[in-house]
Amino acid sequence: MTLKIAVLPGDGIGPEIVAEAVKVLNALRDDFGLQVETEEALIGGTAYDATGTPFPAETLKLSQQADAILLGAVGGPKWEPLDYSVRPERGLLGLRSELSLFANLRPAILYPQLAAASTLKPEVVSGLDILIVRELNGGIYFGQPRGRRVNAQGEREGYNTLVYSESEIRRIAHVAFEAALKRGKRLCSIDKANVLECTELWREVVIEVSKDYPEVALSHMYVDNASMQLVRNPKQFDVMLTDNMFGDILSDCAAMLTGSIGMLPSASLDKDGKGMYEPIHGSAPDIAGKGIANPIATILSVAMLLRYSFNDGANADRIEQAVVSALDAGYRTADIYSEATQKVSTAAMGDAIVSALRASR
Ligand code: NAD
């Protein structure tokens, strides 16, 4: 069976990093017999400029027809003055909700070669291996009503709604418990149950779901404490289960523990395992076009794509091993550079990983 992948490079550094990930896919196709086809489409600000919408109908169609989606990133200052309804981020949120990609898996792993690139002491982060499972289709980013208005006192007001149904909580909790079963069997659910009724329900439902997973040790933590614990003693965590907004924030924090946000892939899955794969970082407009972005998060997203959507652990392992080999050989993009290593461009890092992949044949 030929795997069809919709490739959506997006904005900013998106096209630069996705090009390197496609090189890796092509190497697997040419040298390892992976049967794969890729087709590109527009999303985000680039799509808005070309078509007047950040989420063109053709992009949705291609994504629906594909077996999996590989995305770069969207957004940038150029599109910030636009109305929210046509902002680049709407393209991404639209894709996540149209395809019901409700489960976002964000591993944060510290490669030993990068212990010096973390802002935390090596003993605090070495061996770090956390999986953040973030709910992606609900919560305050989607809740209605939302908007801006002028209140009775004539003041401007902004408002959003944090809302979760119990079925939404239950389905993401199952994903997190299943993931914990395959790892360290510890799950920490993050909420703010002392203040927010919605997350009080979150805690209640997670406890109910835990009855199906007696082997998994469940704990709960308020989000403010969790952010502190992530920096104080991150290795206490195995799987962290969070809602949409808390996960957005905590996963960036976890990313920094690993040295650079440019290292971390993610998977967003629907109930059948179809998924969209993307680096957790944004479009990095500050470095776009300079050829210095780190492509590793996107390349590792391809490994997740093969593992989760195609059950192809062998090729996923090959990619992950090739990344380790390139790091072992001392190649570093600017964001992970430290003394006695070799600073390389985005394309040179992609080439080093492809060479390591080919050498593993
Ligand atoms: P960002 O993740 O784009 O960048 C944060 C910092 O990390 C910047 O200094 C950037 O240079 C650096 N960085 C990010 N990726 C890197 C990489 N691969 N290699 C080296 N350095 C890297 O976050 P931001 O600056 O807050 O947002 C920029 C734009 O991206 C905004 O328009 C935002 O809305 C959008 N955004 C998109 C996504 C997405 O597409 N999934 C996610 C987050 C932010």
Side-chain angles (χ1 to χ4, degrees), residues 7-21 42-49 54-55 59 63 69-82 84 86-97 99 101 104-106 108 114 117-119 132 134 136 141 244-245 247-268 275-302 304 323 327 331-338 343-350 353:
V7 176
L8 315 178
D11 309 322
I13 61 170
E16 301 167 45
I17 52 177
V18 165
E20 301 313 309
L42 295 171
I43 191 152
T46 330
Y48 175 81
D49 287 349
F55 188 32
T59 302
S63 304
I69 301 146
L70 178 66
L71 179 107
V74 299
K78 179 179 174 194
W79 301 285
E80 271 164 23
L82 294 176
Y84 272 100
V86 286
R87 288 257 189 106
E89 292 74 11
R90 282 283 127 198
L92 189 53
L93 295 178
L95 201 48
R96 287 172 180 168
S97 64
L99 299 185
L101 305 172
N104 188 215
L105 309 189
R106 297 184 161 206
L114 299 186
S118 174
T119 45
I132 297 185
R134 167 188 170 198
L136 207 57
Y141 293 174
N244 203 343
M245 182 164 69
D248 194 0
I249 298 165
L250 291 179
S251 57
D252 270 26
C253 178
M256 264 327 287
L257 304 174
T258 71
S260 171
I261 197 167
M263 294 295 297
L264 298 188
S266 75
S268 307
M276 176 163 78
Y277 299 83
E278 56 178 317
I280 78 155
H281 58 72
S283 59
D286 53 331
I287 58 167
K290 296 185 179 162
I292 59 172
N294 188 344
I296 292 181
T298 318
I299 289 171
L300 290 174
S301 299
V302 174
M304 287 189 91
V323 168
L327 293 173
Y331 296 110
R332 302 283 190 276
T333 42
D335 55 310
I336 50 173
Y337 174 74
S338 58
K343 198 185 281 185
V344 295
S345 67
T346 308
M349 182 57 102
I353 293 167

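Ligands are counted one by one from 1 in listed order, and the atoms in each one are counted from 1 as well. Residue numbers count from 1 along this sequence.
- Protein residues with a heavy atom under 4.0 Å from ligand 1 are Ile13, Ala73, Val74, Gly75, Gly76, Glu89, Leu92, Ile261, Gly262, Glu278, His281, Gly282, Ser283, Ala284, Pro285, Asp286, Ile287, Ala293, Asn294, Asp335.
- Annotation: side chain of Glu278 is not in contact with side chain of Thr298 (no heavy-atom distance under 4.5 Å).
- Taking the charged nitrogens against the carboxylate oxygens, Lys78 and Asp11 have no contact shorter than 4.0 Å, which rules out a salt bridge.
- Counting heavy atoms from C-beta outward, Asp252 and Ile280 have side chains that approach closer than 4.5 Å.
- Side-chain atoms of Asp49 and Trp79, non-hydrogen and from C-beta on, do get closer than 4.5 Å to each other.
- Residues satisfying the side chain to side chain donor-acceptor pair (under 3.5 Å) criterion with Tyr331, sequence neighbours excluded, are absent altogether.
- Counting heavy atoms from C-beta outward, Glu20 and Met349 have side chains that stay 4.5 Å or more apart.
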